[in-house]
Structure formats: structure tokens, C-alpha cells
Novice: 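If you scroll down you'll find the structure; I have some questions about it.
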Amino acid sequence: MKTLILIIVSAVFVNNFVLSRFLGICPFLGVSKRIKTAAGMSAAVIFVMTMASAATWLFYEYILVPFNLVYLQTVTFILVIAALVQVVETVLLKKSPTLYRALGIYLPLITTNCAVLGVAVLNIQKEYNLVETTVFGFGAAVGFGFAMMIFSGIRERMELCDTPVPLRGTAIGLVTAGLLSLAFMGFTGLVKQ
Amino acid sequence: MAGGKFFGGIHPKYHKELASAQSIEQMPLPERLIVHFAQNLGAAPKPVVKKGDAVRKGQVIAEPQGFVSVPLHAPTSGSVQAIDLFPHPVGADMPAAVIVPDGKDEWAPGLNAPRNADGFDAEKIKGIIRDAGLVGMGGAAFPTHVKLSPPKEKPIDLLIVNGAECEPYLASDHRLMIERPAEILEGASLFARALGVQQVIVAIEKNKPEAIEAIRSAIVERRGYSLRALDVVYPQGAERQLIFALTGRRVPAGGLPMDVGVLVQNVGTAFAAYEAVHFGRPLIERVVCVTGRGIARPKNIVAKIGTTFNDAIAFCGGQRGESGKVISGGPMMGVAQYSLEAPITKGTSGIVLLTREEVAQFVSDPCIRCGRCVRVCPMLLNPSALSIFVERLRFDDAEAYHVIDCIECGCCAYVCPSRRPMVHHFRRAKAEIRSKAAKAS
Amino acid sequence: MLTAVIALSALALFSSFLLAVVARAFAVPVNPKIEEVEGALPGANCGGCGLPGCSELARRIAEGKADVDACPVGGESVALKLAAIMGKAFEGGAVRKIALVLCNGNDQVAEKRFHYNGVRDCTSAAMLFGGDKACLYGCLGLGTCVGICPFQAMRMLPNGLPAVDPAKCTACGKCVAACPKKIIKLVPIDKRVHILCSSHDKGAKVRKICEVGCIACTKCVKEAPEGAITMHDNLAVVSYDFDIPDAVAACCPMNTIHVRALDGAIERLEEAASVSGGAL
């Protein structure tokens, strides 16, 4: 139990996927203009990352390892993730149009998101078991969502500021993200690596 | 009774000493009177005279339209020279009747006769008040008889007589309280009878010690009446803030004082009610404080409704120094005038003349989010955020941040280091929101 | 090596098969036309069609609830494309429109009643006695229209009047709605004769407050072809259904009627304004 809690704390604060590991910057900058869209994106990421963690771990454990195909890890993981997300999207559109409208539009954005692949690879690196893998995937996504919500809140307020023309839009966004990363460095050492 | 200081507010320099020692003086009839038809909130009355008609003092020249409307009376005897558009001090050109006095100042028959009001019941009192064309004299100009007729579901247990006069420069209510305290209290008692209320509080700010003394002496015999001296802060005289300071009751946002069982009336309105009920005199003149460094002799004058600013200023010795601004009302909530042919209306409590040096020429800057405005807003709003929203035309966000609750007191603009014209922004936002709501319905 | 190839191929085939099955099993009918129509629309989301965005208009056009020429920004070219997609007939030939401010009372020729020091926005200024201009129908020159144009097609000239850039104006109508005096109109871009005044004041009053205002002398009504110019409450109004010869402009004693090529470069307008200082 303690290990699992530490995994979550580490994934959300100490080694935040966006602000410490710098993964998933693309949707982080692209979908964070409004708090509402950021919330939708975060929910979708949590959904996908948790499932992808588990799915890739299972794939690794029961297909790659027995057949000695570990070196195909990167390629096959992308395939598995992409197929999984596509299946989820199709099923979601049919089964729950409301949920689809809420987070379905973000699903294609997550497919090639390096954060999802990153979490899958990290799981293998850290030699987690299935439970730990799933929890880590969940924690990573929660951390991602956490960073996105903070960032989108700041960006919404910045829209009301008189930003100098050269810095408007993404430029000031990146400066802000950098400052946020600096802030999150304060968590270093909270969990022994 | 609980209460205390309301949140926010400012302490501007009041400059009341310019006019506070000037006893009320009757201004002689000017050469012409421009009497606007729209002098009250609600429906403007419809004219019943035309060009060339002869009128007598107190004669009805416009009939009320509906319940929230009051009649308009000729301020003196004479003839109607014209009916046309003239500048109205609130900020637009509006229809008015130009009356040329014949010098006789003859009352219409049946008016200006003393009578015993002891037997008058609530309905009779309200009827007389309505027929006399009474409106709130503090500036809001809301029909008094409507205010005195709250719905049965909102019982009133307290009447507040508002002698706070928190606007800088103005001293008309102050002098009225010093010189006519008994009449004011009698008017208040008429309101109390009309409402069936036992408890009456007269509220005066502490910077008017003479007025406090005068009212205190006059109030002695009256049971249920009390006098409360309030701390000097602007806008102490605003209804919600006054009610909170005196009783601790909070009028809900979007609601009215009657929602907490209170009614507020200005001392000038109380005086006018006394004149109307005891003497059958309709509202045709009022005390106006002509003050400021831009006037040669500051005075508190009784001027006929329709007296142009030009005539009032001439009676007070004319302008002094280079003219900066001429404001109808006070410097916080009044309206600067571009034409001195604008006349005194039922709601004009003062004319403030500022010299050129006193008026700052400024360019406003972006909001620096210092938060001073948030600290002073008596309605607990966020003027900084609201003004930024309006600048970016985000009226929906402004509505979500409660711009409708703004009382336009001007505290935020007063303290802003960037000199942002926030009240102007908020008026614009309110107009947009109202027109959007009107289009939707 | 071989195992890798086989393994990957097997994985790819399996995934495709799985996806195909799932797609078939969980198919949702979707109107393909909506996407096609949306692709043909300009995608500026300007709201010129009156709807909140291009997606909404695409949906309505695809469902047949809106006309193929509903997009004012896309104009004729887009309308033709949409007509082809929807299999409808569309007759071209609609003339392009452009915004025109019907006031030429710049700071030199139009009188001001007072010095305005408030919010630099026409709607806000109009709340104070109708604005600082003596003519209550005139342009206040504070740039509400310039600020609201989604295509940056308007700019304020130094003489206090806005100018419209024909290269960018799409006649979306946002400025028309934003102007508090309601003196901006959408006019056909090929018409050259314009009466640049919106004042309904009587001639005597106009003479006092503006050097280029319409005094309702009706000379132009008589000079122009029958019905081309009509009087509306002390104001001469051009009907753009007619072709008015350039010479008519010369008859106006107040210089209110102008011959102006609306499709000319905006730089020419700015130059003319700075050189003449007065009426363009």
C-alpha cells in the first residue's frame, strides 16, 4: 500500500510528467487555453493512460517476453496504444455520445502523445508488476491533468492582461510553463528515488 | 441595534465649508423656466398643455402615465412659450415646456391653503403625495407614492430618514435640517402613517453637528423616533450602506430595502411631503446647493423647477476663474454639463462648479491590479476585473461578475492609480446587458 | 530478424482486423456532407452568417436548412463550390459589398459641443448626451468599428473618421451592428456616387454645425435619374439599385456627395485625408 501511495505522489508531484519529465508538451500547450477544455483533456488522458499502461504491460509480459521480441518494444507499444485508443473511441461514440462529446474529440490527440508511450516504457524500466503499473499510469495522468488545470487557469487570466505583441499566445505560455516547472522543482527529494 | 461600518467606502475631501454656512435663500423668478416632462424614474407624464396656453402656479401640465408615474406642475404662473427638445442634466436632449413667468406668481385655485392633516388616513396621504408630483429628492427621483406602497408580502417595520448627504460639496440637506427640522419630522411622520410604521430613525453624518442638534431638539416629543449620528464615509447615504450601518440588515443583491423591512426617504422628500399634505403645495421648487470654487458666491437657493443653470449661477454671482466643469449633482455621482441652459429638475440636489485647475486632464492606463478598487467597493464587487472585461467587450463575463449590482458610487474610479473611468465602463456594460435581455424576451 | 517481421506483420494484421470489426459493430451513421461543406467554408468563425461558427453553418447547409450563399465572407466562389457539393443550382453574379461610413464630418469641418475625456469607445461616448459631436447623427471617431472588425479591415484616419480597406473587408456586418449611431452601411463595391451624411436635422441647423452635411436642398434629387435619390426626413438617400452618373456629385452645394471608387487602395484614402485635411 505504502509503495502505491509513494508511486502516486512521485508521479503527480515529484516527477510530474509535464513539468519535470517534459513529456506531453504538445497537448499541454495546445488544449490549455480554456479551463473547460483542459478538464476534458485531463479526463481523457487519465482514461487512456491507465488503460494503456495495463494493456502494454500485459502485451509485454505475455507476448514480447515469451517470444523474445523485447527489442520490438517501442514499435509494438505504439501500435497497441493506437489500436486501443481507436477501439475506445469507436465504442465510446456508439455507446455514450455525451461522453464522446466531452472527451472523445481529444482521444486522437492522445494516441501519438509521447507521454502515453513514455509511461508504458517507464513501467517496464521500473520493473513494476501489473498493479503498480496501472497505479503508475493513473498517477502519471493525474499529474498531467493537475499541471494542465493550473496552466489553463493561468492562461485564462493572462488573456485579460496586456501582453506585449511579440509574446502573445504560445510564447508567453512557454515562459509560464517554464516558471511552473521551476516551481515544481521544489518537490525534489520528497520521495526517495 | 446592530450595525457598524459597511465594507469599503472612501474619505474624499468634502469642501462642505464653502456652502454649509449659507442659509437658504429664495431665488427670484427667472425670465424663463424649462420644465422637462421626464423628471422621475418610471413613465414620464404626458403633456396636457400646448404652446400658447396660460398656466397658473401649481397647475398640472402633464398627467401621469400608469402607476409608476407622477404629474408635473407649472412652477409659476405665466404662459407656455414652446414645447421642444432641451438638454436634460442627466445626459440627453429631452422634451420640455418653456414657461415664461408673468411675474404674478399666482397659484391655481384650491392650492396653497393650510389644512389639518390629523384625520388623513394612509391612502389619502399617498394620494396627496402622488398628486403633488413627489419624487425622491436625493437624486434618484423615484415616485414617492410608489415607494410608500410596498406589496403586502413585504411588511415594513422601520423608516429611515436620510440626512447623511455624503456627496462632497453639497450642503442643501444640511441647511434644510438646520432651518426646518420640525417640518422634516412632520413629513417623516406622514410617511410613517402612510406605511403603518412605528419606528423612525433620522440618520445624519457626524460632520453636520448643527443639523444633529437641530433635529435632536425637534425630535424630543416624538415617540418611536430616534436620531443616529453616523461616521463620515462616502457613500454613507447610499440606501444599502445606510441600512447596514444603522441596522446590520443586508439588502439582498438585486433586491430592495423593503426585502428587509426598511424604507428610506430623503429629508428633502420629507419636507416636500409636509408642504404637500399640510399646505396643498405640489413639488415646484427645491433647495439647490450652488457651490464650488468656480462660483463667486456659493449659496443654498430655493429655485423653481426649470430654472436654468445659467440663471442660478448668475444669481450666485456668476462664475469665478476659468471654468473647468459644471456638474449637476455632486462630483462623485453627478453628470458634467455641456450646456448651461440645462435646467434644475426635481432630482437636482446641487450644482458644483470646478475651476480649470481643479479638473485633471488625464489619459487612463491599463489596470495594474493593485486592488485598491476592490478594497473600497461598498458593494463588494471586483471593479478591476469588471473594467478589464468591459474593455475587451466580454459582457457575459461582466454579468457573471455582478456588474448589475454596481451602484455607480465612483469609489473605484476615485482611488484608481491608473485613472480608469470605471463607472463609465460599468454603465456601458449595464446598458449592453439590459438591451440583450430586452432582445431575448 | 524473421521473427520480428512475422511478429510485427501479425500484430498489424490483427489490429486492423480488430479495428475493422469494431468499426463495423459500433458504426454510427454520420452525414459525410457536413465535413465536405465545412471544408469548403472559409473557417474564420466570424459569425457573419449569424451563426456561432463555421461548423454550425456547415451542418445547416448539409441538412438543407441554409442556403449555399449564406456565407458572406466566402462570397460567390464558396457559394459555387457548396452548390456543387450539395448538387444544387446556384446563379452567380451577386455583387460584392463593402462597408461604408455615411459621414464625412471630420475634426476640421464638424463642430464639437464639449471636450470629451472618457472611455475611447463610441458606444460609451454616445451615452453622454449622444457624444461630443454637435451633430447627433455623426461619426464619433473613437473606433468601436475598427476594434470589432475580425479582419482588421478598418482603420482610423488622423482626421477622426474610419476608412475601410477593400482588400480585407468581407461585408460580414459586424461594424454595422457595432456602430452606436447606425451610420455604417453595406453598399455594392462597384457604385461610385455616395452621399456621405446621415443627419436628419433641418438644413439651418446642419449649416451651423457641419460644413459638409446634407441640408435637404433636393438639388441632387432633381439632377439624378428619377428615383435614384430620395428624401427621407431632411436627408438625401441614394438607392444603389440605380446607376448614378458621376456628374451628379458636383451639384451638391455642401460637398456632401462624393465620387469614390470603393475598391481603391486604402493608402490613397489615407493620403487624401492627410493632404486635404478637410473633406475627402
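Below, chains carry the letters A, B, ... as their sequence lines are ordered, and counting in each starts from 1.
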Novice: Around atom CZ of B:F395, are there more than 12 heavy atoms from other residues, nucleotides or ligands closer than 6.0 Å?
Specialist: yes
Novice: Starting at NE2 of B:H424, measure out to CG of C:L128 and round the result to the nearest 0.5 Å.
Specialist: 5.0 Å
Novice: Considering only heavy atoms, which portion of B:Q361 lies under 4.5 Å from any heavy atom of chain C: side chain, backbone, both, or neither?
Specialist: both
Novice: Rounded to the nearest 0.5 Å, what separates atom CG in C:N117 from atom CZ in B:R419?
Specialist: 9.5 Å
Novice: Which word best sums up how the rings of C:F129 and B:Y338 line up, parallel for under 30°, tilted for 30 to 60°, or perpendicular for over 60°?
Specialist: perpendicular
Novice: Would you mind reporting whether B:D93 and C:L136 have side-chain heavy atoms less than 4.5 Å apart?
Specialist: yes
Novice: What part of B:A431 gets within 4.5 angstrom of chain C, counting heavy atoms only: side chain, backbone, both, or neither?
Specialist: side chain
Novice: Going by the side-chain contact (heavy atoms from CB on, under 4.5 Å) test, name the single residue among B:H425, B:R428, B:R427 that passes it with C:V119.
Specialist: B:H425
Novice: Hey, is NZ on B:K325 packed in by over 12 heavy atoms from elsewhere, all under 6.0 Å?
Specialist: no
Novice: Counting only non-hydrogen atoms closer than 4.5 Å, does B:V335 touch chain C with its backbone (N, CA, C, O), its side chain (CB onward), both, or neither?
Specialist: side chain
Novice: Please determine whether the number of non-hydrogen atoms from other residues, nucleotides or ligands lying under 6.0 Å from atom NZ of B:K436 exceeds 12.
Specialist: no
Novice: Chain B heavy atoms under 4.5 Å from C:A178: which part of the residue, side chain, backbone, both or neither?
Specialist: neither
Novice: Does any backbone or side-chain atom of C:D132 lie under 4.5 Å from a heavy atom of chain B? Answer side chain, backbone, both or neither.
Specialist: neither
Novice: For B:R420, is it the side chain, the backbone, both or neither that has a heavy atom under 4.5 Å from a heavy atom of chain C?
Specialist: neither
Novice: To the nearest 0.5 Å, what is the distance between CG on B:L393 and CG on C:D121?
Specialist: 7.0 Å
Novice: Answer yes or no: are there more than 12 heavy-atom neighbours, outside B:R392 itself, under 6.0 Å from its atom CZ?
Specialist: yes
